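Scroll down for the structure; my scribbles are underneath it.
This structure is a prediction, so every number in the text was calculated from the model and none was measured.
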Amino acid sequence: MAASDDYLIDLLVDMGFVSRDQVDGVRPKADETGEGVVDLLVADKALTRGQVAQAKAGHFNAEFVNLSEMRIADDVINAVPRNVAKKYSTIPVYATEDSVSVALSDPSDLETLDALQHLLNRNVTVLVASPDDIESALSRYYGRADDSVSKMIQDITEGEVEIGRIGALEESDGAEVDADAPIIKLVNGLIIEAYRLRASDIHLEPLEKRFRVRYRIDGMCHEMKAPPKRLQASIISRLKIMSNMSIAERRIPQDGRIQCNVGQKVIDLRVSCLPTNHGESIVMRILDKEGLKLGLGQLGFLSDDQQTFERLISLPDGILLVTGPTGSGKTTTLYSCLNYINRPDRKIITVEDPVEYQMAGINQVQVHEAIGFSFANALRSMLRQAPNIIMLGEIRDMETATIAINASLTGHLVFSTLHTNDAPSAVTRLIDIGIKPFLVASSARALIAQRLVRKICKHCGAPYMPTETELKALKISSTDAASAKFTRGKGCGECNKTGCRGRMGIFEIFLIDDEARKLIYEKVSASVLRARAREAGMRTLREDGSRKVVAGMTTADEVIRATVGDME
């Protein structure tokens, strides 16, 4: 056993990270091989490297920091050059003109401390972080060795690449472009990196003094390493060329699409360009066709709700509405329904604006408002095609709603969406836009509200206990809490230290029975309808989320955040 381990072992035992019996258990092997006791305990997974770093911080009276919970500003990161940070495995946490606080895993490493003070020419204060946290932060802020985006940004920022001819490249509309040109490589890298990180959207936002890049991953925006402000116009122009937008027009919004290859896969991006005070903002939605192949169970339905939903989408006629705000997964749910019922003996037609996903065996119609081909016009023509099932992207006005409801009353099964906060409010919404109550009562089979919550990462999920406030908010009794499988992700490389990976739905299913039809015909308020639905057994969004918290599928704070408008 190395003598230098002695003080550390006592600290680790005192802090409760390891027991004296575990220490004594590895001593014979340490004496035999000459390895340190602490190293053997880490190798046997009795200790983590983070716990060792925490003990060292206590011994040297240094502050221990959790880098995964911090967002370090760009100007602080710039205080330590990339090559220095990588070489000495350190991350700057705070910085002023004459001092910098850096995180190291070993505060006793005086050689590294001296080297940093010499190279940075500043007073250096040592903080302590776990080695895993430092490695993750180095990748996040400085880029991995194979991270082409960060490397490209670094090279361009440091002037290691020539960008002088990019302006001419962008001006040549329709001409061949050099695939090795720096801006082209950088833009391609941004898209590939976003796909690799499972992002649903890429946000390129021109601010006053910087050009911000953010990826939306599992519904949350994460700020990434950003290109220099001076490249803003070049990057935006390149994206406009790729998506067939006019690079000469900068005063009005534009929309386009990009199709590109990532490895062996072809991905589609829906691109939106919006003029802002400091330039044009670009948002790219990554359309992942894999989501269309999800089964109903993978969407988040528990077994009883899944059986109900399968029965509903197998009905011969009527209208089923999926409601919720933008970004709540309504389109994915509808496409999964179509995928489930898509058989050779059924003719399915959709009308969408835009057609986001191409589905085999389904006739998909694109709306073109500019030439007068609206949802209503498309629906009229579709009915002459004798479909069994119709999917309408969204009910927006009285004319569209009337045709959709009439179609459902004449032997068609109609799926569509509405923007309402809960399921019963969809009835009020339809009546408000001009649909007669008796038509709504006759046609509606079910109204489904949904939200998305993040799923717990399977690689780092661990038991935890929600707070009393959270249990009360979710109405989880002490009896249910005792037998629950409450789980929370600790954060790992697989989930980018967030503890969550992927999303699923929570649902509110309002089945329209005879009593509900009578109330709709009487034009009662949404609150009365909601009370009736609750009497008939409808679970609210929060109650469905609560079941999934108890089952260990998501966390209490996720459900509370997603259902903050649930008044019950």
Handout entry: Electrostatic pair D255-R270, nearest N-O below 4.0 angstrom
Key = no

Handout entry: Listed once per pair and sorted, the side chain to side chain donor-acceptor pair (under 3.5 Å) pairs that draw on residues 547-557, sequence neighbours left out
Key = D304-R547, D305-R547, D544-R547, D544-K548, T555-D557

Practice task
Decide whether Q450 and T333 meet the rule of one side-chain donor and one side-chain acceptor closer than 3.5 Å.
Solution key: yes

Problem - Ionic contact status for E543 with K475, cut-off 4.0 Å - result: no

Practice task
Answer whether the closest heavy-atom distance between the side chains of L338 and I348 falls below 4.5 Å.
Solution key: yes

Handout entry: Donor-acceptor contact present, side-chain E508 to main-chain A423, <3.5 Å
Key = yes

Practice task
Check the pair L302 / R539 against side chain to side chain contact (heavy atoms under 4.5 Å, CB included), numbers first and verdict last.
Solution key: CA-CA 12 Å; L302 295 178; R539 275 185 291 269; over 6 Å; no

Handout entry: Spacing of L418 atom CG and L392 atom CG [to the nearest 0.5 Å]
Key = 9.5 Å

Problem - Partners passing salt bridge (charged side-chain N to carboxylate O under 4.0 Å, His left out) against R210 (at least two apart in sequence or in another chain) - result: E223

Exercise for the section: Answer yes or no: is there a donor N or O on one side and an acceptor on the other, between the side chain of H222 and the main chain of Y215, under 3.5 Å? Expected result: no

Practice task
Would you tell me whether S525 and S527 have side-chain atoms, one donor and one acceptor, within less than 3.5 Å of each other?
Solution key: yes

Fill in the blank from the handout: In terms of heavy-atom contacts, F415 and L334 come closest through CB-CD2, 3.7 Å

Problem - Exam field: side chain T563 to backbone V559, donor-acceptor pair closer than 3.5 Å - result: yes

Problem - Backbone of S425 reached by a side-chain donor or acceptor of T420 within 3.5 Å - result: no

Exercise for the section: Over all heavy atoms of both residues, which pair between A526 and T428 is shortest? Give the atoms and the distance, please. Expected result: CB-OG1, 3.5 Å

Problem - Contact check, side chains of I191 and I286, non-hydrogen atoms, under 4.5 Å - result: no

Practice task
Report yes if the side chains of L204 and L239 come closer than 4.5 Å at any heavy-atom pair, otherwise no.
Solution key: yes

Practice task
Show the numbers, then the answer: is there a side chain to side chain contact (heavy atoms under 4.5 Å, CB included) between I512 and R517?
Solution key: CA-CA 6 Å; I512 309 297; R517 288 192 182 91; 3.6 Å; yes

Problem - Over 12 non-hydrogen atoms of neighbours within 6.0 angstrom of CG in D317 - result: yes

Problem - Side-chain donor or acceptor of E558 paired with backbone N/O of R454 under 3.5 Å - result: yes

Problem - Test item: side-chain donor near acceptor, E352 and Q364, under 3.5 Å - result: yes

Handout entry: Salt bridge flag under 4.0 Å for residues E515 and K518
Key = no

Practice task
May I have the step-by-step check of side chain to side chain contact (heavy atoms under 4.5 Å, CB included) for I319 and L321, ending in yes or no?
Solution key: CA-CA 6 Å; I319 187 166; L321 294 177; 4.0 Å; yes

Exercise for the section: Please test D218 against R501 for salt bridge (Lys or Arg N to Asp or Glu O under 4.0 Å), starting from the C-alpha separation and ending with a verdict. Expected result: CA-CA 7 Å; D218 294 335; R501 184 178 173 86; over 6 Å; no

Practice task
Would you mind reporting whether T350 and I362 have side-chain heavy atoms less than 4.5 Å apart?
Solution key: yes

Problem - Side-chain donor/acceptor of E135 to backbone N/O of D132, under 3.5 Å - result: no

Handout entry: Pair R530 + D422: basic N to acidic O under 4.0 Å
Key = yes

Handout entry: K330 side chain to G324 backbone, donor-acceptor under 3.5 Å
Key = yes

Practice task
Say whether, by atom type as modelled, one donor and one acceptor occur between the side chain of K490 and the main chain of H459 under 3.5 angstrom.
Solution key: no

Problem - Donor-acceptor contact below 3.5 Å, side chain R216 vs main chain G219 - result: yes

Handout entry: Exercise: identify the closest heavy-atom pair between T487 and G552
Key = OG1-CA, 3.8 Å

Completion exercise
To the nearest 0.5 Å, atom CD1 of I91 lies from atom OG of S105 at 11.5 Å

Exercise for the section: Specify the closest pair of heavy atoms between T417 and E394, including all atoms of both residues, with the distance to one decimal. Expected result: OG1-CA, 3.5 Å

Handout entry: Close side-chain approach of H203 and V213, heavy atoms under 4.5 Å
Key = no

Handout entry: For R257, salt bridge (charged side-chain N to carboxylate O under 4.0 Å, His left out) partners two or more places apart
Key = none

Practice task
State whether D201 and R214 are salt-bridged, where the test is any N-O pair (Lys NZ or Arg NE/NH1/NH2 against Asp/Glu carboxylate O) under 4.0 Å.
Solution key: no

Exercise for the section: Quick one: closest heavy-atom pair of A562 and V453, and the distance? Expected result: CB-CG1, 3.7 Å

Exercise for the section: Report yes or no: do N339 and S336 form a side-chain donor-acceptor pair below 3.5 Å? Expected result: no

Practice task
Using only heavy-atom distances, determine whether the side chains of D397 and T400 contain a donor-acceptor pair under 3.5 Å.
Solution key: yes

Fill in the blank from the handout: All heavy atoms of F486 vs all of A481, minimum pair found to be CE1-O, 3.7 Å

Problem - Donor-acceptor contact present, side-chain D133 to main-chain L67, <3.5 Å - result: yes

Exercise for the section: List the steps, then state whether side chain to side chain contact (heavy atoms under 4.5 Å, CB included) holds for I389 with R346. Expected result: CA-CA 7 Å; I389 297 160; R346 294 178 175 179; 3.9 Å; yes

